[in-house]
Amino acid sequence: MSIQVYNTLTRQKEPFVPLEDHKVKMYVCGPTVYNYFHIGNARPFVVFDQVRRYLQYRGYEVKYVMNFTDVDDKIIKRGLEEGISPQQVADKYVEAFFTDVEALHVERADVYPRVTEEMQEIIAMIEELISTGHAYASEGDVYFSAHSFDEYGKLSKQTLENLIAGARVEVSEKKQNQVDFALWKAAKPGEIAWSAPWGEGRPGWHIECSAMIRKHLGEQIDIHGGGVDLTFPHHENEIAQSEACTHKPLAKYWMHNEFLNLNHEKMSKSTGNFLTTRGLLEQYEGAALRFLLLSAHYRNPVNFSPDLVENAKNGLDRIRSSYANLQHRLETAVGGDAEKVEVETFRAQFIAAMDEDFNTADAITAIFELASDANKYLRQERVQRHALEAYVALFEELMGVLALPLVAEQADLDAEIEALIAERTEARNTKNWARADEIRDQFNAMGIVLEDTPQGIRWRRK
RNA sequence: GGUGGCAUAGCCAAGUGGUAAGGCGUAGGUCUGCAAAACCUUGAUCCCCGGUUCAAAUCCGGGUGCCACCUCCA
């Protein structure tokens with residue numbers, strides 16, 4: 001059974017067959033770097049990171065490209081507010097992006113093209129569209145003529161008539177038709193601008209992705225991803241631009257993640273209904289946030305709340321403590337006969353779940369069941385080294401695929417703490433319960449839980 | 001007006017025809033010096049009304065509620 005992928009283009013799950021054997025070309029729309037991204041923005045970063053990691057796990061060689069929109073109205077505005085150049089704004093938030101995304105255990109893309117560094121390709125593509133009659137210059141702007149592309153609307157299942165009927169955008173005098181969209185915007189006085197045959201200005205929002213995909217991945221790619229809101233107009237327009245040039249399907253599979261809402265409404269910077277990822281990272285471990293994002297299927301909406309993070313954290317802790325307990329038993333375990341523990345079933349369960357359109361929720365269930373099985377095994381008085389190792393190895397493999405660290409990143413205990421643990425062991429041996437409790441309370445105050453087991457004291461961070 | 005998504009236990013969440021996975025939380029129990037962890041036990045008229053079927057959370061029709069896109073937006 002092959003991997004099944006839900007394709008927005010066909011509105012159904014399809015077997016995943018890349019254009020080229022064992023290779024996957026993948027593009028995901030990245031951020032406009034004018035601000036810290038919010039936790040809703042983080043969903044596609046994590047979701048598509050997960051898609052990529054899983055494909056890699058299944059043996060595909062993935063080339064992953066994500067763009068940075070580093071020049072646009074919001075960046076310019078921000079620069080004016082802070083008294084710095086648009087480039088400085090972009091640089092600042094690109095750096096912040098990397099920091100935050102790393103905390104969520106997102107693997108770096110192979111290429112992060114930036115609009116300002118791809119100007120030649122963008123201008124060349126616009127020229128191509130003008131020369132083939134798909135675009136026209138108008139008072140320094142350039143627009144794509146939606147009517148010139150027969151299949152316009154195929155991704156969002158919209159007809160031009162319906163789009164015109166439902167349009168909320170103001171009709172511009174410069175456009176021949178209100179559904180046409182900008183490829184190039186003439187610069188306002190004093191604004192950052194680049195020279196182009198039709199005048200000074202900067203690219204429209206959609207053309208950058210078309211140009212970058214073509215340059216870094218080629219005329220056709222396997223997977224194009226982004227949030228559902230990008231389906232229209234952004235991805236629809238990308239298709240129009242790219243396919244008008246190449247006459248080939250831009251992407252084989254279009255994948256869209258649903259939203260992570262707040263108060264049951266879309267997170268939005270303009271209304272203030274959002275929580276920055278950066279802010280949440282001060283309170284919660286990145287792994288807990290990632291776990292939360294992977295706890296639901298990517299095409300289902302999720303309503304964010306602190307309780308949800310707490311829930312995710314507790315679930316993650318269950319897996320981690322099982323793993324830690326295995327490790328602890330391993331310290332005293334001895335070799336033995338080749339007693340078989342059957343863990344293959346959990347790997348198979350995990351793979352079956354992920355194959356089904358990247359069902360991370362079910363994949364996590366497989367890991368929970370692995371934990372239950374391991375916990376039951378651990379209750380036995382005699383355990384065997386190789387059995388423990390089999391559990392440990394599978395935990396590491398599967399949690400590795402999900403990029404969820406099995407051990408919270410913390411400093412190791414220092415000598416003083418080790419000494420205290422030794423003292424407590426001694427206190428317990430002499431049945432000095434008062435002292436033993438005192439030391440345990442002391443650790444508790446430091447956020448460390450001590451657990452007494454037949455194999456000695458075990459400790460963990462809360 | 002057009003195009004989508006969602007509605008499953010206190011909470012989160014899988015499940016697209018064969019009478020409801022998993023996690024969190026709660027309560028009780030076992031274990032423990034006491035704990036913790038773990039284990040066992042504990043919980044569902046699957047939004048409503050029709051229909052198809054031997055059989056429906058799942059398919060069809062009709063409702064209701066919430067969210068989103070058609071304007072920058074993950």
Side-chain angles (χ1 to χ4, degrees), chain A residues 8 11 28-32 34 37-48 69 72-74 153 155-159 161-170 179 181 205 225-234 236 256-261 264-270 274 291-292 295-297 299-303 305 307-319 321-322 324-325 328 349 353 356 359-369 371-372 374-379 428 431-434 436-437 440-441 444 449-454 457-460 462:
Chain A
T8 305
R11 303 286 155 98
V28 176
C29 292
T32 298
Y34 74 105
F37 64 84
H38 58 62
I39 190 67
N41 294 316
R43 193 169 187 191
F45 302 152
V46 168
V47 161
F48 293 108
T69 301
D72 93 317
D73 290 342
K74 292 187 290 278
L155 182 68
S156 55
K157 311 294 176 207
Q158 295 282 4
T159 61
E161 293 69 45
N162 284 332
L163 288 169
I164 292 166
R168 289 181 274 164
V169 63
E170 283 179 35
V179 288
F181 57 91
W205 175 40
V228 272
D229 57 336
L230 297 184
T231 309
F232 191 90
H234 187 55
E236 194 71 70
H256 294 97
N257 64 276
E258 255 296 340
F259 282 115
L260 181 73
N261 293 320
H264 298 282
E265 280 176 16
K266 174 175 179 170
M267 286 197 203
S268 162
K269 287 185 180 148
S270 53
F274 71 95
F291 190 90
L292 158 59
S295 292
H297 187 89
R299 284 189 288 111
N300 282 158
V302 169
N303 192 47
S305 73
D307 283 354
L308 229 51
V309 193
E310 201 56 36
N311 197 312
K313 182 194 178 309
N314 290 343
L316 180 58
D317 279 347
R318 175 176 170 81
I319 292 166
S321 75
S322 178
N325 296 346
H328 185 251
Q349 188 183 342
E356 198 57 43
N359 193 333
T360 50
D362 272 351
I364 287 172
T365 291
I367 299 176
F368 275 127
E369 291 184 4
S372 282
N375 289 340
K376 282 171 199 156
Y377 183 74
L378 282 172
R379 298 191 76 225
R428 292 190 70 239
K431 298 197 188 321
N432 183 355
W433 308 127
D437 287 349
R440 187 167 60 193
D441 290 346
N444 202 268
V449 179
L450 293 188
E451 300 171 354
D452 302 323
T453 79
I457 294 178
R458 196 163 70 188
W459 66 274
R460 64 186 168 85
K462 266 194 276 194

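Chain letters run A, B, ... following the sequence lines, proteins first, then strands; residues in each count from 1.
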Q: Report the residues that fulfil ring-ring contact (aromatic ring centres under 6.0 Å, His included) with A:H38, sequence neighbours left out, ordered by chain and then residue number.
A: none
(Q) Regarding A:T231, tell me which of base, sugar-phosphate or nothing describes its non-hydrogen contacts under 4.0 Å with the strands shown. (A) nothing
Q) For A:G40, which contact category applies under a 4.0 Å heavy-atom criterion: base, sugar-phosphate, or nothing? A) base
Q | Residues that A:D441 engages under salt bridge (charged side-chain N to carboxylate O under 4.0 Å, His left out), provided they are two or more places apart | A | none
Q. With sequence neighbours excluded, what pairs up with A:E258 under the salt bridge (charged side-chain N to carboxylate O under 4.0 Å, His left out) test?
A. none
Q.
For residues 307-316 of chain A, which residue pairs pass the salt bridge (charged side-chain N to carboxylate O under 4.0 Å, His left out) check, not counting sequence neighbours?
A. A:K313-A:D317
Q) Among all residues two or more places apart in sequence or in another chain, which pass the ring-ring contact (aromatic ring centres under 6.0 Å, His included) test with A:F45? A) A:F37, A:F97
Q. Can you give one letter per nucleotide of nucleotides 22-33 of chain B, going 5' to 3': B for a protein heavy atom under 4.0 Å from the base, S for sugar-phosphate only, - for none?
A. SBBS-------B
Q | Nearest-neighbour nucleotide for the A:F232 side chain, B:C6, B:C70, B:A13 considered | A | B:C70
Q: Represent RNA chain B in dot-bracket notation, 5' to 3'. Only Watson-Crick or G-U wobble pairs with both distances under 3.5 Å count; pseudoknot-style crossings use [ ] and interstrand partners use |.
A: ((((((((.[[[..)......]]]..((((.......)))).....(((((.......))))))))))))....
(Q) Once ring-ring contact (aromatic ring centres under 6.0 Å, His included) is applied, do any residues pair with A:H328, and if so which ones, sequence neighbours excluded? (A) none
Q) Residues in side chain to side chain contact (heavy atoms under 4.5 Å, CB included) with A:A361, at least two apart? A) A:N359
